Amino acid sequence: QVQLVESGGGLVQAGGSLRLSCATSGRTFANYGLAWYRQALGKEREFVAAIGWSGVSTWYADSIEGRFTISRDNAKNAVYLQMNNVKPEDTAVYYCAAGRRPSRLRLGASDIEYWGQGTQVTVSS
């Protein structure tokens with residue numbers, strides 16, 4: 001069993017930065033790939049970024065355009081999303097997710113085994 005709790009969301013101006021954190025519990029944290037998804041109001045949930053077991057392999061949505069960086073700290077059982085040069089279209093609820101096949105986490109919810117509750121990010125123009 002893995003539990004995920006996001007934090008770090010809030011209001012930020014366009015062009016600014018924000019760092020999201022996801023604290024996890026469970027002894028098998030290192031066995032899971034981790035990902036960030038987001039869902040804007042009235043839209044479907046979409047993939048943002050994913051990271052493999054050791055943190056070496058990462059995957060990003062094309063829409064991120066190099067502005068976000070995903071990382072993990074297995075010693076702290078945490079995963080992070082550093083968001084730079086944010087845009088109003090980044091406004092969404094951001095969800096942390098976990099699954100045992102990291103390369104497939106970007107493909108949709110079918111390979112996601114656990115979800116967090118989400119944290120709101122609002123970017124003002």
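In this text the structure is predicted, and so the values were computed from the model without any measurement. Residue numbers start at 1 and run along the sequence shown.
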Tell me whether the count of non-hydrogen atoms from other residues, nucleotides or ligands lying under 6.0 Å of CD in Glu65 goes above 12. yes

Would you find a donor on one side and an acceptor on the other, under 3.5 Å apart, between the side chain of Ser21 and the backbone of Ser7? no

Neighbour count >12 (heavy atoms, 6.0 Å) for atom CD, Gln120: yes

Starting at CD of Gln3, measure out to CG of Asn77 and round the result to the nearest 0.5 Å. 12.0 Å

side-chain contact (heavy atoms from CB on, under 4.5 Å) between Ser71 and Val79, intermediate numbers included: CA-CA 6 Å; Ser71 62; Val79 61; over 6 Å; no

Report the C-alpha separation of Val123 and Lys87 in whole Å, then their side-chain angles, then the decisive distance to 0.1 Å, and conclude whether the side-chain contact (heavy atoms from CB on, under 4.5 Å) test is met. CA-CA 6 Å; Val123 182; Lys87 303 176 181 180; 5.5 Å; no

Side chain proximity check, Leu105 to Ile112, heavy atoms < 4.5 angstrom: yes

N/O donor-acceptor pair under 3.5 Å between Arg67 side chain and Ile64 backbone: yes

For residues Leu18 and Ile51: do they belong to one hydrophobic cluster (side chain heavy atoms under 4.5 Å, members Ile, Leu, Val, Met, Phe, Trp, Tyr)? yes

Can you check side-chain contact (heavy atoms from CB on, under 4.5 Å) on Gln82 and Ser17, steps first, answer last? CA-CA 7 Å; Gln82 178 66 43; Ser17 297; 4.0 Å; yes

Please lay out, stage by stage, how Trp36 and Ile70 fare under the test side-chain contact (heavy atoms from CB on, under 4.5 Å). CA-CA 8 Å; Trp36 289 95; Ile70 188 171; 3.6 Å; yes

Taking the six-membered ring of Trp115, is the NZ or CZ of Arg45 close enough (under 6.0 Å from the centre) and on axis enough (within 45°)? yes

Would you say Val93 ends up clustered with Val121 if hydrophobic residues are merged whenever their side chains have heavy atoms under 4.5 Å apart, either directly or through other cluster members? no

Check Ala14 against Pro88 and note the closest heavy-atom contact, atom names and distance. CB-CD, 4.1 Å

Cation-pi check for Tyr95 against Arg38: NZ or CZ below 6.0 Å from the six-membered ring centre and within 45 degrees of the axis, yes or no? no

Are Tyr60 and Val48 side-chain neighbours, meaning at least one heavy-atom pair lies under 4.5 Å? no

Same cluster for Leu4 and Leu20 if Ile/Leu/Val/Met/Phe/Trp/Tyr side chains link at under 4.5 Å? no

Examine distances only and state if a side-chain atom of Thr122 and a backbone atom of Leu11 form a donor-acceptor pair shorter than 3.5 Å. no

When you measure from the side chain of Tyr32 to the backbone N and O of Tyr114, does any donor-acceptor pair fall under 3.5 Å? no

Cation-pi check, Arg19 to Tyr80: give yes when NZ or CZ is under 6.0 Å from the six-membered ring centre and within 45° of the ring axis, no otherwise. yes

Going hydrophobic residue to hydrophobic residue with side-chain gaps under 4.5 angstrom, can you get from Leu81 over to Tyr37? no

Between Asp111 and Arg106, does any side-chain N to carboxylate O distance fall below 4.0 Å? no

Linked, directly or transitively: Phe68 and Phe47 (ILVMFWY side chains, under 4.5 Å): no

Is a donor on one side and an acceptor on the other found under 3.5 Å between the side chain of Gln39 and the backbone of Glu46? no

Whether Asn74 side chain and Trp53 backbone form a donor-acceptor pair below 3.5 Å: yes

Look only at the side chain of Glu6 and the backbone of Gln117, and say whether a donor-acceptor pair between them is shorter than 3.5 Å. yes

